[in-house]
Amino acid sequence: MAPLPDWATAAPAILLGLTALALLVIDSISPRTKNRNLLAGTTLVGTLAALAAAVGLLVTGVGTNGGVSIYGGQLVVDGMSLFFTIIFTSVAALVTLASYDYLAGETEQAEYYALVMLAATGMALMASAGSLAVVFVSFELLSLPSYALVAFLKTNRGSVEASLKYLLIGALSSAILLYGISLIYGVTGGLLFETVAANVQDSGLTGMLGVGVLMVLGGFAFKMASVPFHFWAPEAYEGAPAPISAFLSSASKAAGFVVAFRVFTVAFGLDITSSVDWVLAFQVLAVVTMTLGNFAAATQDNVKRMLAYSSIGQAGYVLIGLAALGGGQNALVLGASMTHLLVYGFMNTGAFLFIALAEHWEVGRTFEDYNGLGRQAPVACAAMSVFVLSLAGIPLGGGFLSKYVLFGAAVGAGFWWLAAIAVVNSVLSLYYYLRVVRAMWFEEPNGNLTIESYPIGLYTAVVAAAVVTVLLIPTFGFISQPAVDAAAALF
């Protein structure tokens, strides 16, 4: 097959960007809420088109054998970039579907959808980055719309305050990342990953290299919501509109991980760990992140805030993909982390969208407010039960298999202690996840809540996410093998 032109190879990111521009054009012609159906429909069609393009490129083998370098090596379209683009677009489609009802009555709907599309474009570019310059530009393309989306509820003081905290910590992390990139450039004389990898061993500036690597790691830790750059996450997830909380906690987190996977395996590589042991740094980061996230989640009475802290704990599990490298199971460990991120994308997005559904029904945010909700909305509460039990690792959704493979890969690589800590944290997570299930199904209602309306878009998104989470059990091999193959290509 003849090679595709660069624009066709980069089609998923281009389609997302064009969708954002189309939304702004539509709004400029007929502003405000007159085109509510058209705005939501355009966003959903553009997202699904990008998803189809990513699946098509993956199926046709464009991403195999190391992928294709385009635009002078600035972008690399391979199995990993396409795999993560599928995650981003899937989450964006669910969020768009849910936002149709959530935004009813809002005036800035075009801006909302355009910001989601621009953030998704940044994610797709991060997944395909072949240069540290592209990493930083796409990092900012994702971050800047995210700050605005968190503050979308302008009359909500908590939303605006959360956005401000997110912005301040994000600005600091961007400065740290950029300074780290400048140090790497000073040591290696290049920004392309291939140039960095070729020159990183020849430099005697070990100290400067080490500082640069650690600063780059810190910048990525912000997007991954990893300790100690996690402070923004609980505030932002709680204050943001619930669909945006789902978008940030699932897709944005995955974007931080994919760029870390690529930079540390391709640009820096395991050969420099004798002088700059970034694997050890990720081991410390994984243990602290999963432990702090789970213990903090166990102390929460607010369900949305509990999910925010639990997402930090989940980030700690995914970090095992980098923390367990060097043990002879590199492709399996990294591929298992990628698979867990895909499964996590559906179950975590679904959980936050259920919160949005509960907010629509004017259900409070504490565990007690969910008492007896299963009697009023059995289908939605069954979906929420699937999400939280799958997040805990119970064999009800794909989360059980993805955790099992990830922890098993860590043991096979010789990092049994890392897997043991992860298992202990997973057991702890059962406590707060089961609190949601108990409240919905086994507790008596506190009041006389009567559910009369079922917003079709939001309800459909919740049920669809639950169905996919369950179906990921029988189809697990279908998604895990491409992930392992994509990871193997990096090594």
List the atom of [X], the atom of [Y], and the distance in Å for their closest heavy-atom pair.
X	Y	value
L401	I473	CD1-O, 3.6 Å
Y309	Q300	CE1-NE2, 3.6 Å
V95	A246	CG2-CB, 4.4 Å
L23	L39	CD2-O, 3.5 Å
A54	T85	CB-CG2, 3.9 Å
A251	M123	CB-SD, 3.5 Å

Backbone N or O of [Y] within a donor-acceptor pair of the [X] side chain at under 3.5 Å?
X	Y	value
S159	V150	yes
S311	A308	yes
S245	Y237	yes
T121	G17	yes
T89	I86	yes
D101	G457	yes
T289	A286	no
T349	F346	no
S337	V318	yes
T60	L57	yes

(message) Assess the residue pair S81 and R262 against the criterion (side-chain contact (heavy atoms from CB on, under 4.5 Å)); give the C-alpha distance rounded to whole Å, side-chain angles, the decisive distance to 0.1 Å, and a yes or no.
(response) CA-CA 9 Å; S81 69; R262 190 179 297 280; 3.7 Å; yes

[Y] and [X], any side-chain heavy atoms less than 4.5 Å apart:
X	Y	value
F193	L132	yes
M440	R435	no
M384	V436	yes
S249	L307	no
V55	L58	no
M338	F261	yes
S480	T339	yes
L141	L125	yes

(message) One pair to check against side-chain contact (heavy atoms from CB on, under 4.5 Å): L490 and M80. What are the steps and the verdict?
(response) CA-CA 9 Å; L490 297 181; M80 175 171 282; 3.3 Å; yes

(message) The test is side-chain contact (heavy atoms from CB on, under 4.5 Å); show your working for K223 and F257 and say whether it passes.
(response) CA-CA 8 Å; K223 272 294 165 220; F257 276 106; over 6 Å; no

Residues [X] and [Y]: side-chain donor-acceptor under 3.5 angstrom:
X	Y	result
Y432	N294	yes
N348	S250	yes
Y166	S143	no

Could you check whether atom [atom1] of [X] has more than 12 heavy atoms from other residues, nucleotides or ligands sitting under 6.0 Å from it?
X	atom1	value
Y185	OH	no
Y179	OH	no
L21	CG	yes
E194	CD	no

(request) For the pair V116 and I244, evaluate side-chain contact (heavy atoms from CB on, under 4.5 Å) and give the outcome as yes or no after the intermediate values. (result) CA-CA 9 Å; V116 170; I244 297 305; 4.1 Å; yes

(message) Does R36 qualify as a cation-pi partner of Y100, given the criterion of NZ or CZ under 6.0 Å from the six-membered ring centre and within 45 degrees of its axis?
(response)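 Judged by the rule, R36 and Y100 form a cation-pi pair.
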
(request) Mark yes or no: K304 above the aromatic ring of F352, with NZ or CZ under 6.0 Å from the six-membered ring centre and no more than 45 degrees from the axis. (result)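 Pair K304/F352 does not count as cation-pi.
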
Nearest 0.5 Å, please: how far is [atom2] in [Y] from [atom1] in [X]?
X	Y	atom1	atom2	value
W361	L458	CH2	CG	8.0 Å
T366	N371	OG1	CG	8.0 Å
S128	L82	OG	CG	7.0 Å
F84	D78	CZ	CG	10.5 Å
L285	L319	CG	CG	5.0 Å
L48	L15	CG	CG	11.5 Å

(request) Take Y344 and S402 through the side-chain hydrogen bond (donor to acceptor under 3.5 Å, both in side chains) test and state the conclusion after the steps. (result) CA-CA 9 Å; Y344 171 80; S402 61; over 6 Å; no

(message) Apply ring pair (Phe, Tyr, Trp, His ring centres under 6.0 Å) to residues F354 and F387 and explain how you reach the verdict.
(response) CA-CA 10 Å; F354 177 85; F387 299 140; 7.9 Å; no

(message) Once you measure the plane-to-plane angle for F268 and F264, does it fall in the parallel (<30°), tilted (30-60°) or perpendicular (>60°) bin?
(response)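 Perpendicular, since the angle between the ring planes exceeds 60°.
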
(request) Could you pull out all residues at least two apart from A133 that satisfy side-chain contact (heavy atoms from CB on, under 4.5 Å)? (result)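 If we apply the side-chain contact (heavy atoms from CB on, under 4.5 Å) test to A133, skipping adjacent residues, the hits are S131, L191.
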
(message) Before we go on, tell me: are the rings of W232 and Y147 under 6.0 Å apart, centre to centre?
(response)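 No; Y147 has its ring centre 6.0 Å or more from that of W232.
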
